[in-house]
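This report concerns only the one structure given below.
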Amino acid sequence: MPELPEVETCRAGIAPHISGKAFQRIIIREPRLRWPVPLQIAELLPGLTLHRVDRRGKYLILHTEPGCLLLHLGMSGNLRITSQEQPLAKHDHIDFVFNDGTVLRFNDQRRFGAVLWTTEPLATHALLNKLGPEPLSAEFNGEYLYQQARKRGIAVKTFIMNSHIVVGVGNIYANEALFMAGIHPLRAANQLSQAECETLAISIKTILEQAIKQGGTTLRDFLNAQGKPGYFQQKLQVYSHAAEPCPKCGQPIEQIKIAQRSSFFCARCQLQ
DNA sequence: TTAATCACCTGAGGGC
DNA sequence: TGCCCTCAGGTGATTA
């Protein structure tokens, strides 16, 4: 399940293989993703050069001269570098074939992902213009988090998973960051002190940086551009460890639902 | 403006 | 063995 570290791992994995190359052919086998894949990209893209691959939150942005492809991996999506000779796997929905034969293959079992085309400035794009800051940027810090939290009475876990507050923090890393910060996931955001917001911002940055170094987390679906899993799962302290002893105090990890998402915490280490 | 809920989708796993 | 149900989760849309 791709969160920011998985998307960044994916971006770093595919960019060297496709940047500077020209699209030769686009093969769309299944256009029914989160939003219908614009079929016109099969005619628009051939001949265009892919200048670079960026990331904004969990969106991958493939830049060409007239416009950009926006890719989202959703819940189960992955991109891998391959060739046309390689047999198709189940749920291989789209092939981006480049002029040297390299193929960027989009696979998405649950089809929550997206492939979109835009020629408008990214700063005004409806999917991007309301996104919060990047968690690893200087703009995202304790003071920013505190100012945003003061206006919200929702559970802090739901708060930090809101991409309009900060991008890229999904369920796994929200659980892990709150555990590291010693903050109960049900605490109201507007009840956090400035010091707690400082600690939480640092925890989010630390968790995400560690996960990127490990190549992301593989629970079920995630594979990197070479089809290999990430290794951060082995570092998870509370996520998916219900009833197991807390790594800090030994108390059993508890599991509850918050906003329909499984949430894991230590009731002794994380103060409510 | 904020918060809560729904919908989308597929496959694994459990119960019968 | 096969059927049915539940669960997993990112995020935009809808509703209150």
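Convention: sequence-line order gives letters A, B, ...; per-chain numbering from 1.
Between A:Leu4 and A:Arg55 there is a side-chain heavy-atom pair separated by less than 4.5 Å. Between A:Leu50 and A:Phe98, some side-chain heavy-atom pair lies under the 4.5 Å cut-off. The closest side-chain heavy-atom distance from A:Arg25 to A:Pro46 is not below 4.5 Å. Looking only at side-chain heavy atoms (C-beta outward), A:Ile28 and A:Ile41 come within less than 4.5 Å of each other. Looking only at side-chain heavy atoms (C-beta outward), A:Cys266 and A:Glu254 stay at 4.5 Å or farther from each other.
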Per-nucleotide protein contact along nucleotides 3-12 of chain B, 5' to 3', at a 4.0 Å heavy-atom cut-off (B base, S sugar-phosphate only, - neither), is SS-B-BBBS-
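We find that CD of A:Glu6 is positioned 13 Å from C1' of C:dG10, with the value rounded to whole Å. Taking atom CG of A:Leu131 as the reference point, atom C1' of C:dG10 lies 13 Å away to the nearest angstrom. At whole-Å resolution of the value, NZ in A:Lys130 and P in C:dG12 are 10 Å apart. Rounded to an integer number of Å, the gap from A:Leu128 CG to C:dT11 P is 12 Å. For A:Gln255 and C:dT6, the CD to C1' distance is 13 Å, given to the nearest whole Å. Atom pair A:Leu127:CG and C:dA13:P shows a separation of 8 Å (rounding to whole Å applied).
Between A:Tyr59 and the choices A:Leu128, A:Leu116, A:Asp54, the side-chain contact (heavy atoms from CB on, under 4.5 Å) rule is met once, by A:Leu128.
In summary, the side chains of A:Ser76 and A:Asp108 do present a donor paired with an acceptor at a separation below 3.5 Å, with no hydrogens or angles considered. In this model, a donor atom of one side chain and an acceptor atom of the other lie less than 3.5 Å apart for A:Glu143 and A:Gln147.
Among pairs with a residue in residues 83-104 of chain A, those fulfilling salt bridge (Lys or Arg N to Asp or Glu O under 4.0 Å) read A:Lys21-A:Asp100, A:Arg29-A:Asp95, A:Arg80-A:Asp92, A:Asp95-A:Arg105, at least two apart in sequence or across chains.
In this structure, A:Val97 shares a hydrophobic cluster with A:Ile27, A:Val103, the cluster being traced through Ile, Leu, Val, Met, Phe, Trp and Tyr side chains under 4.5 angstrom apart.
Using a 4.0 Å cut-off, some side-chain N or O of A:Tyr59 falls inside it from OP1 or OP2 of C:dG12. Look at A:His72 and you won't find any side-chain N or O under 4.0 angstrom from OP1 or OP2 of C:dG10.
Annotation: proximity of residues 183-194 of chain A to DNA chain B (heavy atom, distance under 4.0 Å) is found for no residue. For DNA chain B, no neighbouring residue in residues 159-171 of chain A is found when judged by any heavy atom under 4.0 Å.
For A:Phe112, there are no ring-ring contact (aromatic ring centres under 6.0 Å, His included) partners at least two apart in sequence or on another chain.
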